[in-house]
Amino acid sequence: PARMVDTGWGRVSLCSPMRILIVGNGGREHALAWKIRQSPLVTDVYCAPGNAGIAEIADCVPIDASSIVEVADFAQTIKADLTVVGPELPMVLGIGDEFVRRGLTIFCPSRGAAEIEGSKAFAREFMTRHKIPSPRYEVCSSLEDALKFVGKAPLGFPFVVKADGLAAGKGTVVVEDQAEARAVVEQIMGDKKFGSAGAKVVMEEFLEGEEVSFLVFSDGSRVVPMASVQDHKRALDGDKGPNTGGMGTVSPTTNISLEGHKRIMQEIVVPTVAGLAAEGRRFQGVLFAGLMMTESGPKVLEFNARFGDPETQVIMARMRSDVVPILDQCATGSLGETRIEWAKEPAVCVVLASRGYPGTPETGSTIEGLDSLKEWSDVVVYHAATKREDGQVKTVGGRVLGVTALGANPTQMTWADAQPAFASGAVDGQENPMSIFTAAKLQNVGQKTREMLESIPGT
Ligand code: AMP
Ligand code: GLY
């Protein structure tokens, strides 16, 4: 039954006690489950399909996140009051529309709105229509056109080649010369490396500046910004090594000034949400803008239609407000004057990955030493690619754990300190399963993270 709840920033109508279903199986979804679990409005948390960490705080069901009809059937069966979707694939497949058709409440943009992430060509053309600051670009719809573009190279070198559709973060390549550009285009459009996601490519001007992430909650017309956050994408320290889905995050960051924040809201976020609504693509969910702060102001590199991973790990660690009313208000189009309260303390997340990541990761190893970390206050270990088997936690993919700390002085409680904790329980040589977490990587990312942290004034 619906009831009115005073959340501290206004009364909202909620079904209580609430039953919430989370869709996905990564660190992002573990962080969401962890935060949602703390809400006094919630009694039951389910996750499809979840992982070993999520299974400790929620009921996991073995339904793949992309099986959107099965997920909707399950939500109906358990009478979920709210479903929260993490990954992009079910969004782009239309899980939002499937739920709405059935009268189920879901925190997830519609398929039309999610196209802002699902098609880079759509996104760029949309930004042109709504005068949202972007790099110069051209969309090529055939191999022939793309090769012609490369021959003329009107944007100079380097420029950026992007596969139109979802390519698990691997569809973007900065090309330095004609030979490389031709090779990349041949792979995407000729060899169909990403299948139909490469039926079109977007050629973009290479932007220079500082890269920032900007995430907001949107109910389709109103937006509420989240705490600032910075992702560390390269696999190794010193911004070296291949790009990954994200090896670590820190919040807050100092790379957006107050003026920058204002410009991003005015020139990018607000017109994007308004433009989508005007085109019949009301955006309800998380709009996550990847931006380049150029000499002439912020410009959009890309939009995601979802929470970031591992951005969500630090954002949830710092969120003091109850997240459930916010999710519910976005889903029902009733965000109102919501203000989110954030912990003053910074949070840091460092991802531990299997050897081989971001290429083919080694999997099937046992993770030990997790219990000793549970005793730490202000440190949460979010699971990503883990699975419980025969009473043990095993690795099943690339990014495995996100060690997340919140503290007034996190420089004293981060990775240099986390490492012995792991070591005490786990890392003691090549034969030990924990050695799959390349210790060098942990240390290196820790160093980078410490540098980021030291740049935050007052810490
Ligand atoms: P995307 O797949 O659009 O998220 O791009 C992945 C990464 O490529 C971004 O995080 C940037 O570092 C880089 N990138 C994408 N587009 C551009 C651009 N137009 N200019 C410079 N770097 C870019
Ligand atoms: N960490 C970047 C992303 O979630 O896309």
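Numbering of ligands and ligand atoms starts at 1, following listing order.
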Exercise for the section: Would you check whether R28 has a nitrogen or oxygen atom less than 3.5 angstrom from a nitrogen or oxygen atom of ligand 2? Expected result: no
Handout entry: Min N/O separation G308 to ligand 2 under 3.5 Å
Key = no
Problem - R111 CZ: over 12 foreign heavy atoms closer than 6.0 Å - result: no
Exercise for the section: Determine, stepwise, if the pair Q187 / V173 fulfils side-chain contact (heavy atoms from CB on, under 4.5 Å). Expected result: CA-CA 11 Å; Q187 279 174 6; V173 189; over 6 Å; no
Problem - Heavy-atom gap K299 to ligand 1 smaller than 4.0 Å - result: no
Handout entry: Any non-hydrogen protein atom less than 4.0 Å away from atom 9 (C) of ligand 1
Key = yes
Exercise for the section: Please answer whether the main-chain N or O of V314 pairs with a side-chain N or O of T249 as donor and acceptor at a distance below 3.5 Å. Expected result: no
[X] heavy atoms, cut-off 4.0 Å: which ligand 2 atoms fall inside?
{"X": "G245", "value": "1 (N), 2 (C)"}
{"X": "F288", "value": "3 (C), 4 (O), 5 (O)"}
{"X": "N304", "value": "5 (O)"}
{"X": "D231", "value": "1 (N), 2 (C)"}

Fill in the blank from the handout: With heavy atoms and a 4.0 Å threshold, my read on which part of T249 contacts ligand 2 is neither
Out of [options], indicate the one that has the non-hydrogen atom closest to [atom].
{"atom": "atom 1 (P) of ligand 1", "options": "T172, N304, V160, D231", "answer": "T172"}
{"atom": "atom 17 (C) of ligand 1", "options": "L301, L207, V174, V173", "answer": "L301"}
{"atom": "atom 3 (O) of ligand 1", "options": "E204, M292, K162", "answer": "K162"}

Exercise for the section: Apply ring pair (Phe, Tyr, Trp, His ring centres under 6.0 Å) to the pair F206 and F157, showing each step before the final yes or no. Expected result: CA-CA 8 Å; F206 179 79; F157 288 99; over 10 Å; no
Which value, rounded to the nearest 0.5 Å, describes the distance between [X] atom [atom1] and [Y] atom [atom2]?
{"X": "T272", "Y": "I116", "atom1": "OG1", "atom2": "CD1", "answer": "6.0 Å"}
{"X": "D322", "Y": "S39", "atom1": "CG", "atom2": "OG", "answer": "3.5 Å"}
{"X": "R28", "Y": "D309", "atom1": "CZ", "atom2": "CG", "answer": "5.0 Å"}
{"X": "W34", "Y": "Y382", "atom1": "CH2", "atom2": "OH", "answer": "4.0 Å"}
{"X": "T172", "Y": "E204", "atom1": "OG1", "atom2": "CD", "answer": "7.5 Å"}
{"X": "E29", "Y": "I22", "atom1": "CD", "atom2": "CD1", "answer": "8.0 Å"}

Problem - Atoms in ligand 1 flagged as close to E205, the criterion being non-hydrogen separation under 4.0 Å - result: 18 (C), 19 (N), 20 (N)
Problem - Minimum-distance protein heavy atom relative to atom 5 (O) of ligand 2 - result: R306 NH2, 2.9 Å
Exercise for the section: Tell me which protein heavy atom sits closest to atom 12 (O) of ligand 1, plus the residue, atom name and distance to 0.1 Å. Expected result: E211 OE1, 2.7 Å
